[in-house]
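See structure below.
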Amino acid sequence: MINLDSFSESQQEAITTQDKHLRIIACAGSGKTTTVAGKVAYLLDPVNGFGIKPKNIIAFTYTEKAAGELKNKILNNVGQYRGMANMYIGTIHGWCLKSLQENEYKYQSFSVLDDIKLKLFVDKYYDVIGMKEVTKLSNPSVSLRRFIDTSLFVRIMDIVRESEVRNGVHFPSNILKAKRQYKETLISKRYFDFSMIMEKALECLEDDTNLTKSIKDDLKYLIVDEYQDVNPLQEKLINRLQEISNCKLVVVGDDDQNIYQWRGSNNKYIINFENKFDKGDVKTIPLSVNFRSSEGVTKLSETLISNNLKRIPDKKMESSKKQIFERGNDILYNRYEDVDAENDGIARYIDDIIGVKFKENDDEEPRGIAFSDIAILLRTWNKAGSIVEALERHNIPYITAGVNQLFEMDEVQAALGIFYYLYGDINSGELKEKWLNIPHTKVSADKIDFAISKLSEKNPNIKKVKDNWEYSLQDIFWNFLGDAEVYEENFINNTSKDIELRSKERAEIVFFNLGKFSQVINDFETINFNSTSPSFHLFSFLSFITYVAKDYYPEGWLNNPYKTPNAVQIMTIHQSKGLEFPCVIVPGLNQNYLPSKKRGGLSEWHFLDRNLIEEQSRYEGDEDKEDERRLLYVALTRSQKYLLLTQAPDLNNKLYKKESLFIQELTNAKINSFPVMITDLKHKFPDSDKIEQKPKEKIKNISLDFTSLKDIFDCPYRFKLISVFGFCYPLNQRMGVGKSFHNCLMEIHKEAKKGVLLSADELKSLIDRQTHFPYLTKSKQLTQPLLDKVKNNVEEYYTDNLDEFKNIEFVEQEIQYKIDRNILVVGRIDLIKKIGESGYYETTIVEFKSDEDNADAPITKDQLKLYALGHRELTGETANYIMTYVIGKNRPKTPEKLYDNDLEEIQQKIKDAVALIRDEKFVKTDVSKICSENCYQIRLCSNRIKYNLKPKR
DNA sequence: TCGCTGACAGTTTTT
DNA sequence: CTGTCAGCGA
């Protein structure tokens with residue numbers, strides 16, 4: 001199955017060593033992911049006789065993106081191996097959440113708060129969440145302030161839980177009290193934050209729980225990628241998993257690339273890994289050949305990093321010399337008069353290098369370097385602005401996380417105006433003007449007037465609104481856009497072909513920013529929907545925007561996750577980790593920038609005693625600048641061949657005048673003429689050697705769940721609005737009915753599968769536990785009917801289906817299905833039933849819908865067919881029937897026979913859908929029936945005009 | 001060349 | 001709040 005010949009000797013050793021704990025020290029560009037994927041395939045391969053199944057392996061990665069890449073490579077290696085959905089590949093957090101929810105039913109109804117929502121939550125519950133307890137060390141009468149110090153509080157809570165307490169000391173009582181109140185408040189509202197997921201999972205593993213048992217039985221190999229970035233809590237969890245299961249631990253990483261120490265990660269775990277085990281049980285395999293970079297790049301990087309003392313001794317990095325190093329040409333260090341000249345020099349360099357011949361591999365035909373082959377790597381974002389200006393002067397296309405502040409954009413100001421108007425801060429004329437001021441808009445003044453007039457129905461002071469506490473800002477936003485006919489096409493002004501293209505992009509940016517604003521509303525309402533009267537809800541939202549949101553939303557980024565345009569990429573060094581580029585530019589090599597100045601100002605350490613935390617200094621940066629040196633090391637090793645380092649004194653900032661001390665270290669390289677210093681701006685690359693630029697084809701991995709597929713099947717343009725632009729649906733009080741049903745049934749089925757029959761009381765407490773309506777407002781008249789509805793229907797389901805429970809084969813079975821090399825469809829099947837005797841039986845895949853869903857829609861059949869594909873991947877068998885069960889009506893539909901060509905059909909349908917995404921053909925479905933019946937997005941779609949539809953309100 | 005003083009400026013981000 | 005640096009006096 002797997003061909004070892006394609007791997008280097010040390011890679012082969014890493015792959016085939018299976019009887020020891022393994023530390024793989026993988027230098028930059030050493031083919032780390034490929035090797036790990038090879039290792040997994042090797043372990044699974046029946047030929048090798050290890051008897052390892054997918055469920056015996058867990059692989060932790062640092063990000064979901066990395067997980068996707070690893071998963072993809074593994075799947076491409078193992079071929080037709082079955083049951084791959086049972087192997088966990090993902091983040092530690094992801095695993096913890098999944099395991100918690102599978103192990104303890106009560107956590108099923110919990111959700112995880114991200115950064116922004118967490119801060120909103122903390123601000124909302126300021127009085128009880130423990131923030132007031134945290135006081136200044138120098139002056140205990142000063143405590144953390146609401147809104148202003150929220151980030152500090154969250155950071156302190158993270159440090160307190162994720163770091164290690166120094167031996168012999170413990171936290172003062174106020175911190176402990178704060179921690180307890182913080183956790184209790186989150187739990188009481190059924191929320192986790194990221195640390196708590198890990199804490200709870202660890203607690204779970206410390207007892208003799210089902211989770212502990214399943215780990216003990218199943219886990220044989222635990223792979224941890226990017227091990228240098230593990231923090232103390234994660235290390236504890238990893239150790240615990242190993243201890244319970246006695247599995248082999250495989251850690252992969254590079255201590256020189258630890259750049260997240262300020263987030264608590266600790267290099268010592270990878271450095272001291274071998275000490276954890278007996279000598280004969282553990283092995284270190286260095287992957288020291290860098291297949292990415294030329295010898296020039298590797299030597300230069302090595303010279304730099306050798307100045308670090310706290311690292312694994314005797315480390316080497318050798319270039320595979322796949323890229324030829326051309327001395328004096330590839331690696332440049334340019335110094336300029338001032339920053340303007342520096343930025344201009346960078347732009348001219350880019351102009352110059354475009355079209356230079358480049359080969360990924362020796363045996364390839366060369367292509368011309370394209371814009372997308374070039375990355376500008378920054379230490380801080382504040383450098384981006386002036387570089388972008390220079391690139392614009394030179395007409396060089398670029399993509400960046402965003403230079404403009406979200407709330408400075410005209411369209412966002414206009415959107416915000418809707419709410420200022422409702423609150424009475426601006427008048428209708430001012431609101432109208434804001435909308436008509438958006439550049440290139442074709443939205444008509446009359447329609448704006450109409451939309452404004454409609455807003456009067458939502459005035460929070462009129463009686464109808466005042467008495468109804470369900471007041472959705474999101475809904476107001478969508479309806480305004482609909483009434484005003486704010487469609488994407490209304491921002492495209494096509495006069496000439498060239499302008500048309502740009503104008504299309506501009507229209508997309510407008511919509512992207514509006515989508516981002518929709519997410520701002522969503523973040524706010526997720527936390528604050530159920531608390532206040534309409535007028536106070538509006539007031540709080542505007543306060544949030546004015547005082548808080550600016551800091552919480554640093555920028556709106558326009559990054560299409562599904563394609564990489566041919567443009568220079570501007571990003572931070574941190575973000576560039578794991579990436580590679582033929583050409584890397586590192587500007588601003590000044591003291592205080594790279595290495596950056598230590599941070600002053602009010603910090604968490606004014607509230608939390610430094611002496612309590614083991615190795616506290618890593619949070620703040622070390623004296624020897626080792627952290628910053630690693631950062632430059634990461635930047636340099638992103639380059640395959642071309643590297644431009646620049647420096648110039650900044651006339652406007654006295655801190656950035658002196659050259660970085662790292663330049664000295666680079667110059668001290670023993671190799672002659674490293675680096676080559678020039679200050680002239682002449683052409684470096686002769687035009688005669690250049691050919692046409694040709695971007696490298698970067699096919700991104702796509703992982704799709706049924707929700708996104710459903711959007712594409714129904715209407716690709718809806719997919720664009722939701723998944724590309726990011727518009728969010730309004731929240732409402734009834735939300736949670738479907739999920740409550742689903743969770744109840746899950747617990748019932750899981751218990752039934754174990755053979756447990758529930759008493760009436762047990763069923764009642766089950767329903768209690770699983771019923772959750774996160775957005776119910778204070779007006780209580782809805783609460784009881786909703787609770788009754790879930791209760792009655794679930795109880796009825798239980799009694800009606802007692803006989804069926806013996807046939808349950810799988811509950812909540814995860815599936816994945818690989819469509820082609822880069823597309824993975826994932827999902828979870830509610831229920832699979834198996835009826836009959838051995839040798840002759842029939843399987844039925846069941847999907848539950850509540851009566852509010854459109855259970856009869858053909859799309860539901862597609863969903864079931866897709867699950868059947870996943871089921872076949874898992875078991876090798878094709879299910880016989882598919883069936884929908886409508887809970888509200890408590891009546892199953894008759895199972896439908898499933899045919900082989902059903903599976904082929906759905907497979908083709910998915911392929912077609914993915915092709916639409918890849919080619920960005922987000923066409924509007926041209927069927928008025930679909931548009932009118934179930935499309936909320938019709939408000940933002942020109943089909944509304946075409947079919948003259950009035951959206952339901 | 002050393003020490004003092006005042007003015008100035010002010011990260012990185014995933015789960 | 002605090003690291004950094006230019007300017008100043010000795």
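First the proteins, then the strands, lettered A, B, ... as listed; each starts at 1. If you're wondering where the values come from, they're calculated on a predicted model, not measured in any experiment.
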query = Which whole-number value in Å describes the distance from Leu97(A) CG to dT15(B) P?
reply = 14 Å
inquiry  = Can you tell me how far apart CZ (Arg610(A)) and CG (Leu608(A)) are? Round to the nearest 0.5 Å.
reply    = 10.0 Å
Shortest non-hydrogen contact from Phe192(A) toward Leu100(A) = CZ-CD1, 4.0 Å
query = Under 4.0 angstrom, heavy atoms only, what part of the nucleic acid is Asn653(A) near: base, sugar-phosphate, or nothing?
reply = sugar-phosphate
ask   = Tell me: CZ of Arg155(A) to C1' of dT12(B), nearest whole Å?
value = 10 Å
ask   = Just checking Asp114(A): base, sugar-phosphate only, or nothing, at a heavy-atom cut-off of under 4.0 Å?
value = nothing
ask   = On a whole-Å scale, what distance lies between the C1' atoms belonging to dT2(C) and dT11(B)?
value = 15 Å
note = Side-chain contact check for Leu655(A): nearest option of dT14(B), dT12(B), dA9(B) is dA9(B)
query = Quick one: Met196(A) CE to dT14(B) P, roughly how many Å, whole number?
reply = 21 Å
request  = Please lay out, stage by stage, how Glu226(A) and Tyr260(A) fare under the test side chain to side chain contact (heavy atoms under 4.5 Å, CB included).
outcome  = CA-CA 11 Å; Glu226(A) 306 280 10; Tyr260(A) 286 105; over 6 Å; no
request  = Provide, to the nearest angstrom, the distance between the NZ atom belonging to Lys117(A) and the P atom belonging to dT15(B).
outcome  = 14 Å
request  = Please report, rounded to the nearest Å, how far the P atom of dT15(B) is from the CD1 atom of Ile116(A).
outcome  = 14 Å
query = Among dT15(B), dG10(B), dT13(B), which nucleotide sits nearest the side chain of Tyr260(A)?
reply = dT13(B)
request  = Looking only at side-chain atoms of His606(A), point me to the closest of dT2(C), dT11(B), dT13(B).
outcome  = dT2(C)
request  = Measure up the Tyr227(A) and Tyr269(A) rings against each other and bin them: parallel (under 30°), tilted (30 to 60°), perpendicular (over 60°).
outcome  = tilted
inquiry  = Cation-pi check for Tyr62(A) against Lys577(A): NZ or CZ below 6.0 Å from the six-membered ring centre and within 45 degrees of the axis, yes or no?
reply    = yes
message = Can you pull out the residues from residues 584-597 of chain A that lie within a 4.0 Å heavy-atom distance of DNA chain C?
response = Asn592(A), Lys597(A)
message = In whole Å, I'd like the distance from the CG atom of Leu377(A) to the C1' atom of dT13(B).
response = 16 Å
Within the 6.0 Å centroid threshold, strictly below: Phe524(A) and Phe544(A) = yes
key: Nucleotide of dC1(C), dT12(B), dT13(B) approaching Gln575(A) most closely (side-chain heavy atoms)   = dT13(B)
key: Contact under 4.0 Å: Trp95(A) side-chain N or O vs dT15(B) OP1/OP2   = no
key: Selected nucleotide, minimal atom distance to Lys136(A) side chain, candidates dA9(B), dC1(C), dT12(B)   = dC1(C)
ask   = Which nucleotide sits closest to the side chain of Lys625(A): dT12(B), dT15(B), dT4(C)?
value = dT4(C)
query = On a plain distance test, is the side chain of Arg263(A) in donor-acceptor contact with the base of dT12(B) below 3.5 Å?
reply = no
request  = Would you mind listing every salt bridge (charged side-chain N to carboxylate O under 4.0 Å, His left out) that reaches into residues 256-268 of chain A, with sequence neighbours excluded?
outcome  = Glu164(A)-Lys268(A), Asp256(A)-Arg311(A), Asp256(A)-Lys315(A), Lys268(A)-Glu615(A)
query = What orientation do Phe110(A) and Tyr107(A) show, parallel under 30°, tilted 30 to 60°, or perpendicular over 60°?
reply = perpendicular
task = With rounding to the nearest 0.5 Å, note down the distance linking CD1 in Ile663(A) to CG in Leu632(A).
result = 7.5 Å
message = For a quick check of understanding: with a heavy-atom distance under 4.0 Å over all strands, which category does Lys658(A) fall into, base, sugar-phosphate or nothing?
response = sugar-phosphate
ask   = Rounded to whole angstroms, how far apart are CG on Leu378(A) and P on dT13(B)?
value = 10 Å
task = Can you check whether any acceptor in the base of dA7(B) is under 3.5 Å from a donor in the side chain of Lys654(A), or vice versa?
result = yes
query = What integer distance in Å separates Leu579(A):CG from dT14(B):P?
reply = 12 Å
Backbone of Ala66(A) reached by a side-chain donor or acceptor of Glu69(A) within 3.5 Å = no
inquiry  = Is Trp262(A) stacked against the base of dT12(B), taking the criterion as centroid distance under 5.5 angstrom and interplanar angle under 30°?
reply    = yes
task = Please state the P separation for the pair dG3(C) and dT13(B) - nearest whole angstrom.
result = 23 Å
message = What contact category does Asn652(A) fall into here, base, sugar-phosphate, or nothing, at under 4.0 angstrom with non-hydrogen atoms?
response = sugar-phosphate
key: Considering all heavy atoms, the nearest Gln647(A)-Leu589(A) contact   = CG-O, 3.1 Å
Identify each atom pair where a protein N or O and an N or O of nucleotides 2-5 of chain B are less than 3.5 Å apart, giving names and distance.
none

